[in-house]
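Worksheet: one structure, shown below.
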There are 2 protein chains.
Amino acid sequence: MARSTIGIKDVAVAAGVSATTVSHVLNDVSYARISPETRRKVKAAARQLGYGPNRVAQALRNRRTGVLGLVSEDVATTPHAGRIIQGADDAARARGYTLMLINTAASASPASREGDVDAVLERQVDGILYATMYHRVLETPANLGKVPAVLVDAVTADGSFPSVVPDEYGGARAAVAALLEAGHSRIGFINNVEDVPSTSERLRGFRETLTAAGLDGGQAPVEASSSDAAGGYEAASRILRRTDAPSGLFCYNDQMAMGAYRAAAELGLAIPADLSVVGFDDQELVAGSLFPGLTTVALPHYAMGAWAADRLIDILEGDPDAGGEEPGTTVLECPLVVRASVAAPRNP
Amino acid sequence: MARSTIGIKDVAVAAGVSATTVSHVLNDVSYARISPETRRKVKAAARQLGYGPNRVAQALRNRRTGVLGLVSEDVATTPHAGRIIQGADDAARARGYTLMLINTAASASPASREGDVDAVLERQVDGILYATMYHRVLETPANLGKVPAVLVDAVTADGSFPSVVPDEYGGARAAVAALLEAGHSRIGFINNVEDVPSTSERLRGFRETLTAAGLDGGQAPVEASSSDAAGGYEAASRILRRTDAPSGLFCYNDQMAMGAYRAAAELGLAIPADLSVVGFDDQELVAGSLFPGLTTVALPHYAMGAWAADRLIDILEGDPDAGGEEPGTTVLECPLVVRASVAAPRNP
DNA sequence: TTGAAAGCGCTAACAT
DNA sequence: ATGTTAGCGCTTTCAA
């Protein structure tokens, strides 16, 4: 019951009071002194007529729409977008906000990005969530600053917006720790070749975790290739043929791990008996479908979406303990998801 | 430039005309007689001030928001949602509409579904797109009829809403045809066990295509299991051990095909030399990452989203050649995506 | 060729 | 304890 043509006036007439009174009771206005009896009548009339507020009219009057613009890259191409959206939607809805969605292309020109932002700005969104599909440094459209904004899975070079990104470094540490705990000491890493934060941070986590465990992180075997299954196959084939071939393999992502599974099979290596493998991303469709199930590190897309929406609303509502508007980047944990691809090594 | 506090009045003052005139020229009102000179001045002033219309105010006045509510199930759990969203967003944007998103759970109670619909109804959306994540028969919330609505990837038992679904039957035909054309005559199917339209329609397409090719579709080998990789492995293991084991295998979806790859490997069968495989869904992450790449049938989620948005807008704008409001279900093609898992059989 | 005025549904001063 | 009035930014009669 909402869209009908029933307005506050109809309720007022039905309850025999003025529109003001209806507004007061329906919104629980604090300073309003209205008799319990009248309150009852108004509520009864509203329910009986199936009244629902017209949020557009409220928005015009209050100069707040209760809508958050979510401009997101390439919603169609990765499953990550869905999780960000769901996290943001859940958090927003819990606080009475709704999302307005605009899809933008990662390859879009600056002008078209501004157009995307303008589209939600015209709709008077209270704030904007700007999400990218993989963790990176972003040039934000010039008009993004017109309302409060929070970046999801991205940062700007100058840190001018609050943002939330995954703890790539910590995730890598968790992955390597899992291998270490299983008893591996010969641990390798197949990395992505692209120059993005995750590439360098996961490598750093890999090396530092080994070093902290008393191994030689600096010398541990690392091979890099494209971050897909073919690249994983290729890099894994190389690393597994080295004289210092590892018994435990950390892979840049689940796709590469999938390629590593094939390389291992070709070399007659059983997983996890002969080779333990840990991935990154936790793409359910891949990690859960491989055999044996891939132990991997989850990217916290849902949590990032939820965090960002909450943070944005804190800013909008001027919540003091939200730490004011100070930007800064928040880093969210990447938890290990244990399946079946890690076991003790044959010969530690 | 949009959100600023610049309104039509500011433009009017700057151009030395009235607000009415500004509205007339900016909206190209047909009946307005305004001198070219004034038009120029108004436009110049608007641009110069960076004026952008306040769509909320326009909406209140015009009683049309230009917003479409997209109520979608389980946005986070499948990559399909992203494609529907992107298709709908592209189509909507091309016609000046914006999407407002509400995520709903496939498991949600009728009451909470009504709440989801109400949330967008309160925001005065002009129409609603109601999307499910797999093709099925749906019980729509009672309040869905309050504004025009179109179903995506679902139908109602009574066909009361226009809807768009994938051509499961045609997709299955295309898959089997690919196997037939490669020269296979011993063709099997591993199917899902759930009772959903895709299960029965793909089976029907499988049998009828074989029969139409002069083979005995009724007797062709079929095994069923859960629609995941484990189920695919299990069903494929069974079918490949039958005395009438196929040389060409059609799989209910890509996940099951992934399981079939493993079953084939265990039996020493090379793909596609010893066994040709065709999947369904075209989950890029899976189909493109398997080795060899999986030839599969694509589910037209993008096209369904786009079609639905277009259809909804046709209805909203009363487009006559849209065939009026008559409901009916539109079926969209599922095209074959050729990769590398089909070849001629060793012994046809 | 242009402008004044009314009103979309709602809220908030400011009366009473 | 409740009602009157004005106005959010815009579009549209209607009048000039």
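Values reported hereafter were calculated over all heavy atoms of this structure, with side chains retained and with hydrogens, waters and symmetry mates removed. Chain identifiers are assigned alphabetically (A, B, ...) following the order of the sequence lines, protein sequences preceding nucleic acid strands; residue numbering begins at 1 within each chain.
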Note: [X]-[Y] ion pair, threshold 4.0 Å (strictly below):
X: R113(A); Y: E73(A); answer: yes
X: R93(B); Y: D116(A); answer: yes
X: R95(A); Y: D314(A); answer: yes

I want to check one thing: is the phosphate of [N], taken as OP1 and OP2, less than 4.0 Å away from some side-chain N or O of [X]?
X: T38(A); N: dT2(D); value: yes
X: Y51(B); N: dC10(D); value: yes
X: Q58(A); N: dG9(C); value: no

Minimum-distance nucleotide (side-chain atoms of [X] versus [options]):
X: R61(A); options: dC8(C), dG9(D), dA12(C); value: dA12(C)
X: L60(A); options: dC8(D), dT11(C), dA6(C); value: dC8(D)
X: R33(B); options: dT2(C), dT2(D), dC10(D); value: dT2(C)
X: S35(A); options: dT11(C), dT2(D), dC8(C); value: dT2(D)

In whole angstroms, how far is the [atom2] atom of [N] from the [atom1] atom of [X]?
X: K9(A); N: dG3(D); atom1: NZ; atom2: C1'; result: 14 Å
X: R64(A); N: dA12(C); atom1: CZ; atom2: C1'; result: 16 Å
X: R123(B); N: dC8(C); atom1: CZ; atom2: P; result: 22 Å
X: D10(B); N: dC8(D); atom1: CG; atom2: P; result: 12 Å
X: I8(B); N: dG9(D); atom1: CD1; atom2: C1'; result: 8 Å
X: R55(B); N: dT11(D); atom1: CZ; atom2: P; result: 10 Å
X: I34(A); N: dG3(D); atom1: CD1; atom2: C1'; result: 11 Å
X: N62(A); N: dC8(D); atom1: CG; atom2: P; result: 13 Å

Indicate yes or no for a side-chain donor-acceptor contact from [X] to the backbone of [Y] under 3.5 Å, with no hydrogens or angles considered.
X: S18(A); Y: T21(A); answer: yes
X: N143(B); Y: E114(B); answer: yes
X: S112(A); Y: G115(A); answer: no

In residues 17-31 of chain B, what residues come within less than 4.0 Å of DNA chain D, judged by heavy atoms?
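Correct list: T20(B), S23(B), H24(B), N27(B), Y31(B).
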
Is it the case that S163(B) and T329(B) place a side-chain donor and acceptor less than 3.5 Å from each other?
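Yes, because at least one side-chain N or O of S163(B) sits under 3.5 Å from a partner of the opposite role on T329(B).
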
